[in-house]
2 protein chains.
Amino acid sequence: MYMSLKIALLGILDLAPMTGYDLKKSIEASVAHFWSADQSQIYRTLAALVADGLAEVEVIPQDGRPDRREHHITPAGRAALNDWLRSPLEPETPHDAFLMRLFFVGTLGVPATRAVLRARRSQAIAMLAGLRSVAEQDQTHREPDDRAPDDLGRRLRFATLRNGILHAEAELAWLNETKEALG
Amino acid sequence: MYMSLKIALLGILDLAPMTGYDLKKSIEASVAHFWSADQSQIYRTLAALVADGLAEVEVIPQDGRPDRREHHITPAGRAALNDWLRSPLEPETPHDAFLMRLFFVGTLGVPATRAVLRARRSQAIAMLAGLRSVAEQDQTHREPDDRAPDDLGRRLRFATLRNGILHAEAELAWLNETKEALG
DNA sequence: CACCTATACAGGACTACGCAAGTATCATTT
DNA sequence: AAATGATACTTGCGTAGTCCTGTATAGGTG
């Protein structure tokens, strides 16, 4: 959890300098399946990066529109990013509201329990469909004979999608198993 | 995310009245695989429940030790719990620091990427072993001919463990697939 | 012409949470 | 005799995050 939005911003700024506004859109377009951030939180975190010397602002005047405050990653920022990427992963403490619901819903009886499981099933199916369509586009837009230097990065971005897909499938398998176990 | 610790506390207090201290231990013993909470956060949230009329305190003097401030769920608390259990599940916005790491680690090259995946593998194996041992104890301690009124609750508590196990297995399967994909 | 959307940012109010330390006493262990 | 661990709760500090509102202006749509 710690520092993760800072890292997300540094990681994206490492690919290209951009404004807070651009970052918000970039997050929605590329890492939304495993991370999300509020607009105001992005601006605040960006200000923190600048304060820490990890990013710098280049003001680009525009007419009509507000100035672009384009943020560039600094060498210190790149070092902080790389340090974090190589640091040990702290095992995350789980917070799963759905499992909590299931844990306690038994007192309301079998019909209420089934309703909770059905709702989860709908969500899992929607999630799976969303991930699959993004993954297909990813496969389609890919050059057939890609020997580009960012080939590793592309494979890894695809792998994060596959992760979501396999977990969504596991969730559906678990839902079937659990439905059976309720008789 | 919202209200979930309140719900966890109400859910546990619905089974038996207890102190904040007891709640901390109860959470560690029963829902730790999908929820965790800091001690001070438990006390704060408990105070909020009392302020909202969802729980009441019964002070039980003890000699030597501090008084037990035993918290009991109120009818309003039970109603709030049941309302939440029947409310629609808000789809959770994901925050997965590991996938973020993987997404950006490509710039550091294949060896650093493999290191990240290996670390994840160790964690997944440890997680799986932990869940399996809890699940086995659960199976063993269970009465063979259980027709108790809380049979549904017991099955659901077991189902939350199975959920964790299936996801840990899915994670390992994904790790194997991803390792292959890196060549 | 009114409304909506996009671009671009700022700031307050609030919730949730974790870490750390402090207060107090008894029982057990070294 | 001193350290530790269990019971039981409190307080302060800092981080991370959301929601909502406000400030501008340009361009397109009904």
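Convention: sequence-line order gives letters A, B, ...; per-chain numbering from 1. Scope of the values below: all heavy atoms of this structure, side chains included, with no hydrogens, waters or symmetry mates.
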Practice prompt. Would you mind reading off the distance between B/D38 atom CG and C/dT15 atom C1', rounded to a whole angstrom?
Written response: 15 Å
Response to the item:
Against the side chain of B/Q39, the closest entry in D/dC9, C/dC17, D/dA8 is D/dC9
Worksheet item: Once you round it to whole Å, what is the distance between P of C/dT7 and CD1 of A/I42?
Response: 14 Å
Worksheet item: With a 3.5 Å cut-off and no angle check, do the side chains of B/E56 and B/H71 form a donor-acceptor pair?
Response: no
Discussion item. What's the closest nucleotide to the side chain of A/W35 if the choices are C/dC17, D/dG17, C/dG18?
Written reply: D/dG17
Practice prompt. Determine the minimum heavy-atom distance between B/L10 and B/A80, stating which atoms define it.
Written response: CD1-CB, 4.5 Å
Worksheet item: Rounded to the Å, how far apart are B/H95 NE2 and C/dG18 P?
Response: 15 Å
Practice prompt. Measure from CG on B/L9 to P on D/dC9 and round the result to the nearest Å.
Written response: 13 Å
Item to complete: Counting heavy atoms from C-beta on, name the nucleotide in D/dC9, C/dG18, D/dG17 closest to the side chain of B/R69.
Response: D/dC9
Practice prompt. State whether B/E171 and B/R120 are salt-bridged, where the test is any N-O pair (Lys NZ or Arg NE/NH1/NH2 against Asp/Glu carboxylate O) under 4.0 Å.
Written response: yes
Discussion item. Whole angstroms only, please: what is the OH-P distance between B/Y43 and C/dC17?
Written reply: 17 Å
Discussion item. Is the positively charged end of A/R162 above the ring of B/W174, judged by distance under 6.0 angstrom from the centroid and angle within 45° of the axis?
Written reply: no
Worksheet item: Of all the nucleotides listed (C/dG12, D/dC9, C/dA8), which has the minimum atom distance to the side chain of A/S40?
Response: C/dG12
Fill in: Between P of C/dA8 and CD of A/Q41, the distance in whole Å
21 Å
Fill in: Side-chain-base donor-acceptor pair under 3.5 Å for A/R44 and D/dT18
yes
Item to complete: Give, ordered by number, those residues of residues 10-27 of chain A having at least one heavy-atom distance below 4.0 Å to an atom of DNA chain C; if nothing qualifies, reply none.
Response: A/T19, A/G20, A/Y21, A/D22, A/K25
Fill in: Nucleotide C/dA16, atom P - distance to CD of B/E92 in whole Å
15 Å
Discussion item. Can a donor-acceptor pair be found, under 3.5 Å and without considering hydrogens, that links the side chain of B/H95 to the backbone of A/S36?
Written reply: yes
Fill in: Check: B/W84 main-chain N/O paired with A/R101 side-chain donor or acceptor under 3.5 Å
yes
Discussion item. Would you say that A/R114 contacts A/L117 through its side chain, given a criterion of any heavy-atom pair below 4.5 Å between the two side chains?
Written reply: no
